[in-house]
Trainee: 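I have a structure here, written as structure tokens, and I will follow up with some questions on it.
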Amino acid sequence: MGNNFEKNIEQNLESNMSQMEEKAPKKKGFFKRLVEGLTKTRDNIVSGLDSVFSGFSSIDEDFYEELEEILIMGDLGVRATEAILDDLRDKVKEQHIKDPKECKQLLIDSIKNQMQVGETAYRFEEEKSVVLIIGVNGVGKTTTVGKLAGKFRAEGKKVVIAGADTFRAAAGDQLKEWANRSGVDMIGGTDGADPGSVVYDAVASAKAKNADILLVDTAGRLHNKKNLMNELGKINRIIEKEYAGVYKETLVVLDATTGQNALAQAKEFSDVANITGIVLTKMDGTAKGGIAVAIQSELSVPVKYIGVGETIDDLQRFDADDFINALFDVKSEE
Ligand SMILES: Nc1nc2c(ncn2[C@@H]2O[C@H](COP(=O)(O)OP(=O)(O)O)[C@@H](O)[C@H]2O)c(=O)[nH]1
Ligand SMILES: [Mg+2]
């Protein structure tokens with residue numbers, strides 16, 4: 001894990017706060033921002049697909065091979081690509097389709113099928129829960145905690161956030177800013193404190209306040225897998241012991257712009273933690289948005305939220321239909 005861990009570490013340490021402050025208050029709807037954010041991904045995948053759909057006159061092996069290449073180059077991953085194309089072949093056969101152009105909608109439907117999230121995906125939002133936010137440095141954990149706090153607060157939930165990233169100087173200050181912005185209570189955030197004791201205090205506070213959701217921001221700077229496993233194990237044991245019966249959610253935050261590296265990180269984390277969902281950040285302006293499909297397919301863990309910017313309302317539940325519609329520029333009602 002060493003390399004992946006080190007890679008993002010020094011990224012983005014200073015500029016966070018200033019960038020967040022200067023965003024214009026007037027915002028377009030989320031779907032519009034998603035469509036805009038996915039422009040590069042769309043250019044990367046869809047224009048290639050369109051040229052295959054219109055360039056081929058019959059559906060043959062070459063046609064499927066071209067599609068396969070584009071999907072894999074578009075970061076959808078081998079497994080998802082194969083499943084999508086198998087599904088497409090079945091439909092072409094069943095429906096006796098001869099014209100490649102007719103395959104476009106079938107392909108879109110197949111990709112949507114790959115992405116459906118189970119019904120229990122957001123159960124933690126309704127339960128008394130602890131949400132652990134994990135991931136390597138710089139992927140957007142703290143930002144995601146802040147955005148989620150804002151979202152849940154706006155829904156009238158009582159939220160406490162725990163600053164268990166005590167490793168990095170200023171991590172606590174950054175989280176404090178988010179706590180203030182979203183109007184929620186924060187525990188911890190002192191440099192060098194023991195993350196376990198921060199979680200311990202945060203659980204006590206959440207219980208005392210009868211909080212609905214405790215969001216725990218963690219450090220990404222753990223130099224090896226064993227270290228990480230120990231740290232997360234310790235945090236989990238404290239939660240189990242001190243907060244019996246609470247609903248536990250563990251979200252891995254991944255930076256979509258890192259493409260296949262994000263997938264590798266997700267795999268590493270799934271070895272050390274019981275991951276229940278993925279948050280895919282920086283979907284704005286990446287050509288690698290196809291990674292959302294790959295991650296879900298390879299890990300069988302749903303992408304639950306996506307981030308399309310740096311401000312508090314730039315995070316939403318991942319909606320497979322909206323995502324694929326945005327990707328393929330299918331018009332959506334809004
Ligand atoms: N464009 C964009 N930037 C993001 C998004 N999420 C986080 N960031 C930025 O990524 C940088 C690192 O985020 P941070 O939350 O500090 O990452 P952490 O180290 O995992 O806690 C910051 O500059 C954030 O503003 C997103 O969805 N889109
Ligand atoms: Mg952080």
Side-chain angles (χ1 to χ4, degrees), residues 4-24 27-28 30 33-34 36-41 131-151 161-179 181-182 186 188-191 193 195 198 215-222 228 231 250-259 261-262 265-266 268-269 278-289 291-292 303-318 323 326:
N4 290 339
F5 260 65
E6 308 291 340
K7 217 169 256 175
N8 292 322
I9 281 175
E10 297 308 333
Q11 192 182 313
N12 300 314
L13 291 190
E14 267 107 45
S15 60
N16 302 357
M17 304 318 292
S18 56
Q19 283 175 14
M20 288 186 298
E21 307 298 349
E22 58 199 27
K23 283 280 145 71
K27 277 283 179 95
K28 297 171 183 151
F30 193 82
R33 276 180 284 146
L34 184 60
E36 276 178 16
L38 287 172
T39 300
K40 284 188 190 154
T41 300
V131 186
L132 275 188
I133 304 291
I134 62 178
V136 305
N137 225 9
V139 289
K141 291 181 299 302
T142 302
T143 308
T144 297
V145 168
K147 289 169 176 175
L148 284 174
K151 170 183 148 62
I161 58 184
D165 176 2
T166 55
F167 199 89
R168 181 161 75 74
D173 294 343
Q174 185 194 355
L175 193 62
K176 189 74 205 160
E177 285 281 334
W178 278 108
R181 198 174 289 136
S182 46
M186 174 180 162
T190 318
D191 293 351
V198 171
L215 298 166
V216 183
D217 188 22
T218 66
R221 195 176 206 154
L222 294 160
L228 175 70
E231 192 75 53
T250 303
L251 300 177
V252 177
V253 181
L254 302 169
D255 175 344
T257 64
T258 65
N261 191 25
Q265 284 170 19
E268 296 284 352
F269 277 99
I278 307 283
V279 179
L280 209 48
T281 62
K282 311 188 195 181
M283 289 291 267
D284 46 315
T286 176
K288 297 178 174 171
I291 200 69
V303 176
K304 294 192 180 177
Y305 301 92
I306 50 172
V308 296
E310 296 180 286
T311 61
I312 199 154
D313 55 352
D314 286 329
L315 184 91
Q316 274 204 3
R317 281 187 182 186
F318 180 78
F323 175 75

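Order of listing sets the numbers, starting from 1, for every ligand and every atom in it. Note that the structure is predicted; figures quoted are calculated from it, not measured.
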Trainee: Check each heavy atom of Q174 against ligand 1 and say whether those closer than 4.0 Å belong to the side chain, the backbone, both or neither.
Mentor: side chain

Trainee: Classify the contact between D314 and ligand 1 as side chain, backbone, both or neither, using a heavy-atom distance cut-off of under 4.0 Å.
Mentor: neither

Trainee: Any N/O of K141 closer than 3.5 Å to an N/O of ligand 1?
Mentor: yes

Trainee: What's the separation between atom CG in L280 and atom CZ in F323, rounded to the nearest 0.5 Å?
Mentor: 7.5 Å

Trainee: Walk me through it: do V136 and E268 pass the test side-chain contact (heavy atoms from CB on, under 4.5 Å)?
Mentor: CA-CA 11 Å; V136 305; E268 296 284 352; over 6 Å; no

Trainee: Using distance alone, determine whether G140 and ligand 1 share an N or O pair under 3.5 Å.
Mentor: yes

Trainee: Between T142 and ligand 1, is there a nitrogen or oxygen pair with a distance under 3.5 Å?
Mentor: yes

Trainee: Could you tell me if any non-hydrogen atom of V253 lies under 4.0 Å from any atom of ligand 1?
Mentor: no

Trainee: Nearest 0.5 Å please: distance from the OG1 atom of T142 over to the NZ atom of K147.
Mentor: 11.5 Å

Trainee: When you look at D217 and I161, which way does the side-chain contact (heavy atoms from CB on, under 4.5 Å) test go after all the steps?
Mentor: CA-CA 7 Å; D217 188 22; I161 58 184; over 6 Å; no

Trainee: If you count the atoms of ligand 1 from 1 in the order shown, which ones are under 4.0 Å from a heavy atom of V136?
Mentor: 20 (O)

Trainee: For ligand 1, which atoms, with element, lie under 4.0 Å from some heavy atom of V308?
Mentor: 27 (O)

Trainee: Taking non-hydrogen atoms only, is D284 closer than 4.0 angstrom to ligand 1 via side chain, backbone, both or neither?
Mentor: side chain

Trainee: Checking contacts here: is it the side chain or the backbone of D165 that comes within 4.0 Å of ligand 1, counting heavy atoms only? Could be both or neither.
Mentor: neither

Trainee: What's the spacing between L175 CG and D165 CG if we round to 0.5 Å?
Mentor: 9.0 Å

Trainee: Would you give the length of the straight line joining atom NZ of K288 to atom NZ of K282, rounded to the nearest 0.5 angstrom?
Mentor: 13.0 Å

Trainee: Give, for atom CD1 of I306 and atom CZ of F30, the distance between the pair rounded to the nearest 0.5 Å.
Mentor: 4.5 Å

Trainee: Considering only heavy atoms, which of K282, K147, M283, E310 lies nearest to atom 25 (O) of ligand 1?
Mentor: E310

Trainee: Calculate, to the nearest 0.5 Å, the distance between atoms NZ and OG1 belonging to K141 and T281 respectively.
Mentor: 9.5 Å

Trainee: Tell me whether T286 contacts the main-chain N or O of M283 through its side chain, where contact means a donor paired with an acceptor under 3.5 Å.
Mentor: no

Trainee: Regarding D314 and R33, does a basic nitrogen lie under 4.0 Å from an acidic carboxylate oxygen?
Mentor: yes

Trainee: Which atoms from ligand 1 have a heavy atom of G307 less than 4.0 Å away?
Mentor: 27 (O)

Trainee: Should T144 be counted as touching ligand 1, given the test is an N or O pair under 3.5 Å?
Mentor: no

Trainee: May I have the step-by-step check of side-chain contact (heavy atoms from CB on, under 4.5 Å) for F318 and K304, ending in yes or no?
Mentor: CA-CA 5 Å; F318 180 78; K304 294 192 180 177; 5.8 Å; no

Trainee: Given A256, G37, G138, which has its nearest heavy atom closest to atom 19 (O) of ligand 1?
Mentor: G138

Trainee: Among the protein atoms near the Mg ion (ligand 2), how many are N, O or S and lie under 2.8 Å away?
Mentor: 1

Trainee: Do the side chains of E231 and F167 get nearer than 4.5 Å, heavy atoms only?
Mentor: no

Trainee: For the pair L148 and V279, evaluate side-chain contact (heavy atoms from CB on, under 4.5 Å) and give the outcome as yes or no after the intermediate values.
Mentor: CA-CA 11 Å; L148 284 174; V279 179; 5.5 Å; no

Trainee: Quick check on L315 - does any of its heavy atoms sit under 4.0 Å from an atom of ligand 1?
Mentor: no

